[in-house]
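Read the structure below first, then the notes.
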Amino acid sequence: MYNTIKSVIAQKKYDLTDMLKKINTIWVMGHITEEQVEELTKMAQGNAKAEARAAEFAKTNKMTIENGEARAVLVSSGQIATPTQVAGI
């Protein structure tokens, strides 16, 4: 069951509320562990957050990126931004 749910989440074709209910249901039935519930829940919520941001971007043509995420992208790319001169201060 764990691998099946994980596969569905990876395909990103699900309703978050329904998926969370299914994860909890298979946990109650004893088919997955608490650790697996936590992992699947984080995956499902993470994908849903990304989908919501993409939908908002498509609607408004504007996008915001949280500071922590921007730093992670800069560090992982190996291209740390160098400070620039600020005028008018």
Side-chain angles (χ1 to χ4, degrees):
M1 288 301 270
Y2 168 78
N3 289 329
T4 302
I5 296 294
K6 190 172 181 177
S7 175
V8 171
I9 292 171
Q11 293 175 16
K12 299 181 182 179
K13 295 181 181 180
Y14 59 89
D15 176 73
L16 179 60
T17 304
D18 290 341
M19 181 57 68
L20 294 177
K21 286 179 185 176
K22 288 174 185 171
I23 291 169
N24 285 325
T25 299
I26 62 171
W27 172 66
V28 168
M29 295 173 66
H31 295 295
I32 59 174
T33 66
E34 277 190 53
E35 292 81 18
Q36 290 172 326
V37 169
E38 289 176 23
E39 179 186 349
L40 294 172
T41 299
K42 285 180 184 177
M43 284 179 60
Q45 291 171 335
N47 287 346
K49 184 178 178 182
E51 291 296 321
R53 285 191 345 195
E56 183 66 22
F57 176 70
K59 185 170 63 172
T60 64
N61 288 329
K62 295 181 181 179
M63 183 175 202
T64 58
I65 299 175
E66 296 174 17
N67 288 340
E69 187 177 353
R71 282 188 210 108
V73 169
L74 289 171
V75 170
S76 67
S77 70
Q79 307 225 345
I80 303 213
T82 54
T84 59
Q85 189 174 26
V86 179
I89 296 180

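Throughout, residue positions are numbered sequentially from 1 according to the sequence presented.
The heavy-atom pair separating Trp27 from Ile32 by the smallest distance is CD1-O, 3.4 Å. Shortest non-hydrogen contact noted between Leu20 and Ala44 is CD2-CB, 4.5 Å.
Between His31 and Thr25, the closest side-chain pair of non-hydrogen atoms is not below 4.5 Å.
When the salt bridge (Lys or Arg N to Asp or Glu O under 4.0 Å) test is applied to Lys59, the partners found at least two apart in sequence or on another chain are Glu56.
Atom CD1 of residue Ile26 and atom CG of residue Leu40 lie 6.5 Å apart, to the nearest 0.5 angstrom. From Lys13, atom NZ reaches atom CE of Met19 across 13.0 Å, with rounding to the nearest 0.5 Å.
Cluster membership for Val28 and Ile5, using ILVMFWY side-chain heavy atoms within less than 4.5 angstrom, is shared.
Among pairs with a residue in residues 17-39, those fulfilling salt bridge (Lys or Arg N to Asp or Glu O under 4.0 Å) read Lys6-Glu39, at least two apart in sequence or across chains.
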